[in-house]
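Notes follow the structure.
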Amino acid sequence: MPMDYEAYTRRKAFIGLILFLSLLVVSLFSLSSGPYHVPLREVLGILFGGGTKDDRLVVLSIRLPRIVAGILVGASMGIAGAVLQGYLRNPLATPFTMGVSNGSMFGASLAIILGAGYSLNSGQVFLNNPYAVVLFAFLGAISATLVILALARLRGLSPEAIVLAGVAMSSLYVALTTLVQYFANEVQLSAMIYWSFGNLARATWRENAIMGVSFILVFFYFILKRWDLNASTLGDDIAKSVGVNIERERLVGTLLSAFITSVTVAFVGVIGFIGLIAPHSMRLIAGGDYRSLIPLSALAGALLLVSADTMARLIVSPMNLPVGVITSFLGAPTFIYLLVKMEGRR
Amino acid sequence: MIETKNLRFSYNGMEVLKGVDFKGEKGEFIGILGPNGAGKTTFLRCLAGILDCRGVFVRGKPLNEYSPRDLARIVAYVPQRVEPSFLTVFDTVLLGRRPYMGLTPSDSDIKTVEEALKRLGIEHLSLKRTNEISGGELQKVSIARALAQEPQILLMDEPTNNLDLRSQLEVMRLARELANDGKTVVTVMHDVNLALRFAKRFLFMKDGKKMADGGLEVLNERLFEEVYGVKVEIGEIGGVLVVVPI
């Protein structure tokens with residue numbers, strides 16, 4: 001029996017290794033491909049300090065920050081989804097169902113109508129005060145969760161009620177966004193729409209540093225709480241019976257999930273489905289043990305997003321598609337497939 | 001071991017427990033009996049520290065003065081229902097070791113889990129996910145988890161739910177063994193006959209109040225009629241005491 005258990009644990013480590021290697025391969029491929037082709041061998045040379053000036057510029061200053069952003073955003077969304085699904089015991093739960101996406105859209109739109117956005121004659125849209133937009137988007141994103149958690153704390157909301165409150169807050173923010181858009185002129189409106197397309201190219205090294213720090217802190221916090229997450233999936237009574245302060249852990253876990261997602265959304269916009277697909281596919285492949293589910297969801301999220309972003313860059317090259325379109329386009333059917341497979345397990 | 005003094009509890013202003021006094025000692029196996037809505041489950045959840053109740057004492061100390069972790073080393077609770085999940089049976093039972101372990105389980109934690117699985121006869125299910133097994137098997141997993149907690153007080157809410165006849169007897173025998181080993185076992189029971197056969201002491205509840213408390217000597221037809229509102233006859237079949245509604 002213990003032999004079996006060890007084999008089972010080794011299998012999960014093996015899945016992690018495969019995901020990590022795949023992420024490495026996709027990232028290298030992504031660094032090399034694009035309208036400006038850099039052969040793979042040169043990419044490796046550049047990473048270790050060689051290469052021509054032009055090649056170095058393309059690989060290190062344009063493509064690498066974007067790939068790192070993809071890894072950080074995908075990993076953040078992967079663990080945020082995994083954790084919320086555990087604490088709320090709801091397969092649909094992600095920070096986006098807590099109103100993070102619609103809240104950020106409202107925040108960004110508000111910043112733009114207050115004067116942070118304009119567009120040039122060429123049709124290209126720029127934000128003349130990106131910091132204001134990022135800040136407002138972040139505050140909008142996290143605010144819905146704060147309202148829900150305040151309610152949960154005051155009135156002792158059940159996980160189901162928390163999810164439903166998230167749905168309600170999301171619709172509220174949709175309404176508010178529509179209201180703001182109604183009063184916007186066409187230039188502002190196009191800036192809002194432009195913002196709403198999630199785009200990893202917005203992230204530079206500074207943004208990556210912020211996202212990296214917030215991801216690492218929250219990741220290790222969740223690793224420490226892995227047993228509490230396991231306990232939560234069995235219901236509150238059992239969680240309490242094994243000594244978990246489940247109400248507090250649920251609040252803190254939900255807040256931190258919303259926080260890392262809000263940080264990424266503020267910088268790169270809304271990119272859907274990663275928080276659903278990454279954890280659910282890992283649950284099906286490696287099981288629901290949060291000891292492995294947290295790192296595997298991070299790896300799977302990173303792999304999914306970097307792959308999707310590479311597709312977004314190459315599909316209609318030299319044009320870039322918004323990566324959010326790709327993830328939603330492929331994510332929706334994949335999610336339905338996963339749900340059907342999971343139902344079969346009940 | 002575990003004691004309640006004038007235990008009261010209300011849900012949204014509705015009083016469910018109206019002052020219950022109770023004392024469970026080391027080595028006792030106590031069955032809680034009573035009709036639906038009598039407050040049995042609420043009472044058990046108060047004892048387990050799941051509901052925030054005043055007036056529960058564990059080893060002489062008020063329950064709410066224990067840290068969750070310390071309490072979990074003394075009291076284990078098996079709820080009526082367990083959520084099936086993507087956790088394996090082994091990892092589910094391993095959760096019973098959470099009050100004892102740091103970040104990773106030790107070899108002795110693993111051993112305790114294996115013993116608990118064996119005791120319930122479900123070691124062959126170890127690597128199955130709990131959403132792949134039957135309701136009765138899941139109930140055994142839940143009991144195994146409570147055993148892995150190595151509690152001094154074991155509280156079970158209808159532990160024979162979902163179990164087949166043979167498993168019902170096995171679980172009740174196990175509960176009796178645990179009491180004989182010196183643990184305090186308190187179970188809510190709907191199956192009166194199973195309770196009579198295995199428990200040593202009976203706590204009858206109705207409308208949030210204690211109706212009777214004691215061994216076989218408190219049992220009589222009038223008590224059952226008073227508690228359940230049903231006329232019964234108490235008799236003996238094959239040396240086993242049975243209650244038959246008439």
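Note that this is a predicted model, so its numbers are computed, not measured. In what follows, every chain begins at residue 1, and chains take the letters A, B, ... in the order their sequences are listed.
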Counting heavy-atom pairs under 4.5 Å with chain B, which one of A:N245, A:I223, A:V244 comes out on top? A:V244

Please check: side-chain N/O of B:S167 versus main-chain N/O of B:L163, any donor-acceptor pairing under 3.5 Å? no

Does any backbone or side-chain atom of B:L71 lie under 4.5 Å from a heavy atom of chain A? Answer side chain, backbone, both or neither. neither

Aromatic contact, A:F273 with A:F96 (centres under 6.0 Å): no

Aromatic B:Y77 / basic A:K240 pairing, under 6.0 angstrom, 45° off normal: no

Which of the residues B:A76, B:S67, B:P105, B:G49 is involved in the greatest number of heavy-atom pairs with chain A at under 4.5 angstrom? B:P105

If the threshold is 4.0 Å, N to carboxylate O, is there a salt bridge linking A:E249 and A:K225? yes

For chain A, the option from B:L51, B:T130, B:T88 that forms the most heavy-atom pairs under 4.5 Å: B:T88

Contact class of B:P99 relative to chain A, heavy atoms under 4.5 angstrom: both

For B:R145, which atoms come within 4.5 Å of any heavy atom of chain A: side chain, backbone, both, or neither? side chain

Strictly below 4.0 Å, N to O, side chains only: are A:R291 and A:D289 in salt-bridge contact? yes

Heavy-atom cut-off 4.5 Å, strictly under: side chain, backbone, both or neither for B:R97 against chain A? neither

Contact winner vs chain A - B:R73, B:R69, B:H124, B:R45, heavy-atom pairs under 4.5 Å: B:R45

Are B:L178 and B:F29 packed together at the side-chain level, in the sense that at least one heavy-atom pair is separated by less than 4.5 angstrom? no

Ranked by heavy-atom pairs below 4.5 Å to chain A, first place among B:V78, B:I133, B:L94, B:L155 goes to B:L94

Relative to chain B, which of A:L293, A:I246, A:D228, A:D236 shows the most heavy atom pairs under 4.5 Å? A:D228

Contact part of A:L224 toward chain B, heavy-atom cut-off under 4.5 Å: side chain, backbone, both or neither? both

At a heavy-atom separation under 4.5 Å, does B:S142 approach chain A through its side chain, its backbone, both, or neither? side chain

Hydrogens and angles aside, do B:R59 and B:Q152 bring a side-chain donor and acceptor to less than 3.5 Å of each other? yes

Given side chains that start at C-beta, do those of B:N6 and B:R8 come closer than 4.5 Å, heavy atoms only? yes

